[in-house]
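Reminder, nothing fancy here: chain letters follow the sequence lines and each chain counts from 1.
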Amino acid sequence: MMALQALRRYGRCVQKELTMADSAAYFDIDIERGVMKMVAAGDWRARFLKQVDSRLRDFADDTMGRELIIDMTGVERLDTAGAMVLQRTLLACGARTEVSKIIGASEAHAALMEQVVDHLAPCHVHPLHPNAFKAMLDRLGRGVAEAYEAALQLMSFVGETLATTWRVLTRPSHFRWTSTVHHMEEAGLNAIPIVGLMSFLIGAVVAFMGAKILRLFNADIFTVELVGISVLREFGVLLTAILIAGRSGSAFTAQIGSMKIREEIDAMRVLGLDPMEVLVLPRVIALVLMLPVIAFIAAILGLVGGALVAAFAMDISLALFMARFQETIIIDHFWAGLIKAPFFAFVIAVIGCFQGMEVEGSAESLGQRTTLSVVQALFLVIVIDAFFAMYYLEIDF
Amino acid sequence: MSTGNDNAQNMIELRGIRTQFDDFIVHDNLDLDVRTGEILGVVGGSGAGKSVLMRAIIGLKRPSAGTVTVFGEDFYGANEEQRLSIERRWGVLFQGGALFSSLTVAQNVMAPIHEHLKIEGELARDMAALKISMVGLAAEAGAKYPSELSGGMRKRAGLARALALDPELVFLDEPTAGLDPIGAAKFDELIVNLKESLGLTVFMVTHDLDTLHAACDRVAVLAEHHVIACGPLDEVRRTDHPWIQEYFAGPRGRAALSAKTG
Ligand SMILES: Nc1ncnc2c1ncn2[C@@H]1O[C@H](COP(=O)(O)OP(=O)(O)OP(=O)(O)O)[C@@H](O)[C@H]1O
Ligand SMILES: [Mg+2]
């Protein structure tokens, strides 16, 4: 016993060897005057049970219903797991007949055996699933129904957001200035470096690609139009929206979702605070105000990237670039891009908040909703962009 | 096993503990012993630092001064390997249950069994079922996710996980808070039973006066940054300190006492 205590100090590695040592749980079977007798000995604690447990199960299967005496005199140590497997074996064999019993247990061990006897019923581990095929159909059906529900809910959320906006517009004292400005900084100002850098690089890349092909036609100078139109109409605003969806849309979902998990949203409702007004509106308004600003900065930096590449990698000087730019690129291109920004912002913010509100219970749901929020926002941003492109085509903008 | 040495009888020894958050001092020069095989109840006002003290002992909040000795080893001085072997010998029930929300209750209980004992399959399942039943949860609860449980059920599930490895030492942060009185009384009984049959040592933070009477061998009172009184309940009750007097002589304190004696 002392030795065991001392050995355990060495922790893990020694413990492994102990499993092999002869103090680990073991049992022998005797037949004594026609009654089976199981002599258990050694250390019957959970960590030593792995081998003995399957042997015990086999034994119990073979001798189901016969009378059994378990002799625990040799059991050195016991914990609830050991007591459980012994007690289980006893019950599986001649359950509670006169003869079936435990002998030789010390007082503490007997108490432990008593302790576990009422708790041997197995329990469920996984939520019940009927069978794989039915489960698949079930999931499919649920998926379709949920997609429909989610679309309806999203619409109603959009409606609620607009209604709240209207309500707050008519009663400006309800508007949360501090929170709005906070989110303008968080989602807008702090995003400028990364969005700017990315847009700069994209402008440069477009100029490079264009220059290489256009040179074949001796049309290098059209690089200016290429960069100007693509960055102003599409890349500036679209890439900004994509980055903001990944950066702020997900953050909105995570913030609101974790509040949902900790019942903060419920607490707000009970205290008479409207979560739409307190949480959703400041985020939506902040993003709708800031996304055009970032998109503008992104567009300018994209042009700068294109112009620098044109100047250093081709023979289009900055002055020439500027002159050509002013000559050929009309202001409409700029507006065509920027007009889309508030729409993108609205979609990103509303979906971020909506998915946050949909979080339920667990951390896992929070993760799923955050992913969904980014995926849906990106999808819708691109769909809306396509609609704008078609619309512009129709009206010759 | 007893060597006559006092140290051998103390499962936890805290000496000169000081914990702080930046400049905010929670404990200062705090000494406390938890003896092997006892149930120690730790009481104190809200914010007195009971949870922080527990976190300091189990390694989640490093004290800025003092030593924590558990199972005779200096916890914060130990290396990774030693710490791991110490950690396997205790179980912890956090104030909020702290169940893994992506696992069902049974999977929660099986997690330490898989992780530390490398036991899989039926034996692990049976061990989990045993613990779940012992803490008074129905078998159906095993397949539920923590978000589907009530507050009291979450407590019980947390206890089942804390007991999964049959630890020698258990830390319980307000185990009976949020339980119905019958459940709380059963819980006290369960702790005492486990202590007697398993030789468990229990460090229990509690506000529940009935639990102090029914389960605790000794009581430590935390106030003014350290332990102002520690000993058997009757002794502590007689200590002349305004907070202690108010605590035990207040209406609830008297009710719990008369329930015990009368
Ligand atoms: N992470 C933290 N950062 C700063 N201060 C903290 C932190 N955690 C706890 N505290 C402070 O430490 C003090 C003790 O907190 P603790 O949680 O231990 O209280 P308690 O005694 O467990 O109270 P209760 O009975 O309400 O659970 C409190 O004043 C609290 O404000
Ligand atoms: Mg606490």
Review point. What pairs of residues pass the salt bridge (Lys or Arg N to Asp or Glu O under 4.0 Å) test when at least one of them lies in residues 119-146 of chain B, not counting sequence neighbours?
Key: A:R57-B:E122, A:R57-B:D126, A:R88-B:D126, B:K131-B:D166

Practice item. Verify side-chain hydrogen bond (donor to acceptor under 3.5 Å, both in side chains) between B:D74 and B:T67, making sure each step is shown before the conclusion. Key: CA-CA 7 Å; B:D74 179 8; B:T67 55; 5.7 Å; no

Exercise for review: Report yes or no: does B:T211 contribute a side-chain atom to a donor-acceptor pair with the main-chain N or O of B:H207 at less than 3.5 Å?
Suggested key: no

Exercise for review: Examine distances only and state if a side-chain atom of B:R89 and a backbone atom of B:L84 form a donor-acceptor pair shorter than 3.5 Å.
Suggested key: no

For chain B, which candidate among [options] shows the most heavy-atom pairs at distances under 4.5 Å?
options: A:H124, A:E114, A:E360, A:E364; result: A:H124
options: A:A363, A:P127, A:A108; result: A:P127
options: A:D53, A:L112, A:T80; result: A:T80

Review point. For A:I261, is it the side chain, the backbone, both, or neither that has a heavy atom closer than 4.5 Å to a heavy atom of chain B?
Key: neither

Check your understanding: Counting heavy-atom pairs under 4.5 Å to chain A, which of B:G199, B:S147, B:A139 comes out on top?
Key -> B:A139

**Study point:** chain A contact via B:L123 - side chain, backbone, both or neither, heavy atoms under 4.5 Å
**Key:** both

Review point. Which pairs pass ring pair (Phe, Tyr, Trp, His ring centres under 6.0 Å) with one or both residues in residues 152-198 of chain B, sequence neighbours excluded?
Key: B:W90-B:F171, B:F171-B:F203

